[in-house]
Amino acid sequence: MVKLYCCILYFFLFNACFAQGKVDSLKRDTTRHLPGVMVTGYLTEQPVLGVPASVNVITPAQLQLQPGSSLVPALNAVPGVRMEERSPGSYRLSIRGSLLRSPFGVRDVKIYFDELPLTDAGGNTYLNAIDVNSVQGLEILKGPDGSLFGANSGGVVLIHPVNRYNDSSFVSAGLSGGSYGLVHQDVALQSHSANNQLNLNEAYQTAAGYRQNSDMDRTYLQAVDKLILSQKDQLKFLGLYSVLNYETPGGLTQSQFNTNPQLARLATATIPGAIGQHAAIRQKMLYGGMVNEWHLSDQLRNVTSIFGTYVDFANPFITTYNQRYEGTYGFRSYFEWSGKANPKFSQKINAGVEWQQTNSDINAYGNRGGVRDTAQDLDKIHTNQHFFFARYLADIDQRWHIEAAMSLNFYGYDFENVYPNKEIGFTNRHFTPQLMPRLALSYQINDNFIWRTSVSRGYSTPTTTEIRPTDQMINNSLQAEDGINYETGFRLRNADESMFLDASVFYYNLRNAILPQVDITGATHYINAGDTHQPGFELYFTDWLVRRNNTDFIRGLQFNASLTFDHFTFANYVEAPNNYSGNKLTGVPEQVMVTSLQIRFPESLYVFAQYNYTSKLPLNDASSAYAPAYNLVQLKAGWECRTGRGRLGLFAGIDNLINQKYSLGDDLNAVGGRYFNAAAPRNYYAGMNVRF
């Protein structure tokens with residue numbers, strides 16, 4: 001496999017250098033100059049080529065090529081990113097090895113919905129609440145990036161709910177279905193006038209799942225209304241409502257996985273099974289806010305947002321019935337001053353603040369066959385997280401791009417045990433304020449080749465679900481993790497931007513890593529497990545081998561690839577009597593390769609194929625059990641018919657074409673070796689969409 005990687009890497013570099021000087025054989029009047037990819041994550045829109053950071057953009061066109069029921073294939077095509085789906089609706093997301101802190105859900109990655117933080121003050125993100133067809137693009141900022149976005153050591157994801165490049169008015173609808181009871185329906189409306197743009201989205205998805213006890217359904221509503229107040233000023237209102245219910249089948253042992261991977265977790269002599277306890281997640285989320293952009297002058301602007309969230313979360317588990325009620329509110333505001341335009345020197349200064357508070361009622365009851373029973377432990381936790389940030393940006397001679405940024409982060413929480421120890425009252429804990437600096441530099445060697453380097457500090461406080469985990473004990477001794485990330489790389493494109501290559505190497509030294517420990521009942525608590533060493537190499541490559549055209553039989557041929565090589569290890573992890581120092585970081589594969597091919601034909605026919613190789617990964621801290629490597633092949637074909645402003649699209653696809661037996665989301669450090677959550681074998685889907 002190493003030889004294969006070397007050959008593939010050689011092909012990328014050779015093809016990239018060749019593309020710099022090749023002459024397009026197609027006639028100029030049939031060749032389309034592709035628009036440059038833009039990044040908005042660093043407060044202002046700028047071409048991705050010159051951003052001195054590790055950034056990947058997933059465009060609406062890329063999302064449309066993927067299956068329309070999950071973000072998993074699209075995000076896993078980004079180097080350094082791993083998204084898992086243990087059963088329909090049960091997502092986990094990690095960037096550069098941050099998965100270990102997430103037995104479920106998304107932690108250690110800061111996520112924004114437009115300008116609004118989707119991650120709450122307690123560090124948790126309900127990414128599974130969002131419907132994939134309502135996402136109109138993503139930006140992934142990899143590595144610690146707290147100088148503008150607050151405490152995180154994994155990275156930042158920005159979700160675009162509106163296509164920034166399409167301001168037309170339209171109505172669209174889609175319907176698709178597939179194996180194992182999959183049905184997805186969505187309707188969207190965009191109305192655009194001189195001073196207003198309204199976007200409404202509605203979606204419903206249901207699936208029976210491949211395994212026992214894995215039914216899922218989600219109802220989703222989303223609204224974005226943008227008011228144009230003047231030539232530059234605007235006011236946006238954003239909101240979503242999501243009702244998600246999904247069953248959780250639980251992990252299987254190796255022998256159970258080999259014998260019948262469709263089984264749910266079985267009962268033992270002392271612990272009931274997933275079916276008997278109706279193990280599931282029931283989640284309701286209401287989220288909203290507004291964003292105001294105000295230009296005080298030609299050089300000074302302000303962006304201010306306010307937001308709020310309410311979550312009603314219930315989890316009938318194997319041994320308990322867990323229920324949470326969470327309310328979050330906050331604001332984010334920053335100023336930007338831009339110096340007068342000058343071809344030799346330009347500069348910008350940003351300064352701002354983000355503040356949010358999350359109040360949680362976290363309760364544990366007995367679980368009597370899926371019915372909430374008597375109270376076991378009732379807690380209240382109030383979490384506050386806020387930070388001040390500033391950035392200086394300079395461009396010198398249109399070659400040098402310099403960024404220096406820093407945030408000052410504050411974090412604290414108050415907790416009270418309402419039952420059974422009501423008399424104790426509230427106890428508070430406040431962490432020492434922390435600075436998170438970032439220094440980055442890029443140099444434009446020529447118009448199409450840029451070298452970049454950066455150094456940044458990561459800092460991540462314990463989340464609410466780590467402070468009060470499922471073992472029902474408040475862990476007020478858990479420390480924040482932090483570290484320094486060093487990175488360098490380059491980006492290369494050709495003249496018409498049909499080819500793009502992005503390569504980077506990094507080293508992240510994380511201290512006081514937060515890791516979960518699981519007891520015999522499946523309940524989890526967390527510890528600080530020393531340091532980790534995290535060196536890695538990432539490469540992303542795309543090229544239209546045959547340019548988009550209107551005359552040939554092949555109207556376009558695009559090749560994409562991403563490579564991830566890493567060697568993440570524990571540096572000094574001792575949990576008496578065990579010494580795990582030197583072991584591989586749990587849950588992280590050392591090699592991932594994702595390649596895809598898109599072919600366009602006459603009459604708006606297209607074929608898209610994607611291949612994913614993921615190497616084996618350790619399932620426990622002792623590195624004594626591994627999930628085997630797997631190879632996934634996905635295939636999709638479609639046809640579009642356009643009449644005036646109307647469009648009809650038909651598509652069909654196959655997932656797991658070569659019928660691999662694998663687990664897409666393992667239960668790490670599971671007691672009794674119940675690591676495996678079987679993914680579906682070969683399965684099919686088809687659908688249609690209309691737009692007018």
Within the 6.0 Å centroid threshold, strictly below: Phe388 and Trp355: no
Main-chain N/O of Leu619 paired with Thr586 side-chain donor or acceptor, under 3.5 Å: no
Sequence-distant partners of Ser147, side chain to side chain donor-acceptor pair (under 3.5 Å), two or more places apart: none
Side-chain donor/acceptor of Asn128 to backbone N/O of Gly89, under 3.5 Å: yes
Atom of Leu439, atom of Ala404 and distance for their closest heavy-atom approach: CD1-CB, 4.0 Å
Any donor-acceptor N or O pair under 3.5 Å, side chains Glu139, His160: yes
Cation-pi check, Arg324 onto Phe313 ring (under 6.0 Å, within 45° of axis): yes
Which atom of Leu49 lies closest to which atom of Leu492, heavy atoms considered: CD1-N, 4.5 Å
Phe431 six-ring centre to Arg429 NZ/CZ under 6.0 Å and within 45° of normal: yes
Minimum heavy-atom distance between Phe537 and Val505, given as atom pair plus value: CD1-CG1, 3.5 Å
Phe149 six-ring centre to Lys110 NZ/CZ under 6.0 Å and within 45° of normal: no
Close side-chain approach of Trp337 to Asn350, heavy-atom, < 4.5 Å: no
Any donor-acceptor N or O pair under 3.5 Å, side chains Tyr413, Asn476: no
Distance-only polar pair, side chains of Asp667 and Asn677, donor-acceptor under 3.5 Å: yes
Short side-chain to backbone donor-acceptor contact, Thr119 and Ile111, under 3.5 Å: yes
Ring centers of Phe570, His533 separated by less than 6.0 Å: no
Asn152 and Ser460 side chains, donor-acceptor separation under 3.5 Å: no
Minimum heavy-atom distance between Gln62 and Tyr540, given as atom pair plus value: NE2-OH, 3.6 Å
Residue that, paired with Asp502, satisfies salt bridge (charged side-chain N to carboxylate O under 4.0 Å, His left out) out of Arg452, Lys142, Arg493: Arg452
Side-chain touch Asn509/Asp531, heavy atoms, less than 4.5 angstrom: yes
Thr595 vs Asn560, side chain to side chain contact (heavy atoms under 4.5 Å, CB included): CA-CA, chis, key distance, verdict: CA-CA 6 Å; Thr595 60; Asn560 301 284; over 6 Å; no
Evaluation steps, side-chain hydrogen bond (donor to acceptor under 3.5 Å, both in side chains), between Asn302 and Thr304: CA-CA 6 Å; Asn302 171 262; Thr304 297; 2.7 Å; yes
Exercise: do Thr465 and Asn124 side chains pair donor with acceptor under 3.5 Å: no
Minimum-distance pair of heavy atoms, taken over all atoms of Asp621 and Asn669: N-OD1, 2.9 Å
Donor + acceptor pair across side chains of Tyr580, Asn578 (<3.5 Å): yes
Donor-acceptor pair, side chain of Asp120 and main chain of Gly123, under 3.5 angstrom: yes
Asn384 side chain to Gln357 backbone, donor-acceptor under 3.5 Å: no
Under 3.5 Å donor-acceptor, Asn315 side chain and Ile281 backbone: no
Ring centers of Phe506, Tyr486 separated by less than 6.0 Å: no
ring-ring contact (aromatic ring centres under 6.0 Å, His included) partner of Phe490, chosen from Phe500, Trp451, Phe449: Phe449
Donor + acceptor pair across side chains of His386, Glu354 (<3.5 Å): no
Side-chain (Glu466) to main-chain (Thr463) donor-acceptor, under 3.5 angstrom: yes
Any donor-acceptor pair under 3.5 Å from Thr614 side chain to Val592 backbone: no
N/O donor-acceptor pair under 3.5 Å between Asn528 side chain and Asn512 backbone: yes
Residues forming a salt bridge (Lys or Arg N to Asp or Glu O under 4.0 Å) with Asp414, sequence neighbours excluded: none
Under 3.5 Å donor-acceptor, Asp666 side chain and Leu668 backbone: no
Where Gln356 and Thr328 come nearest, the two heavy atoms and their spacing: OE1-CG2, 3.5 Å
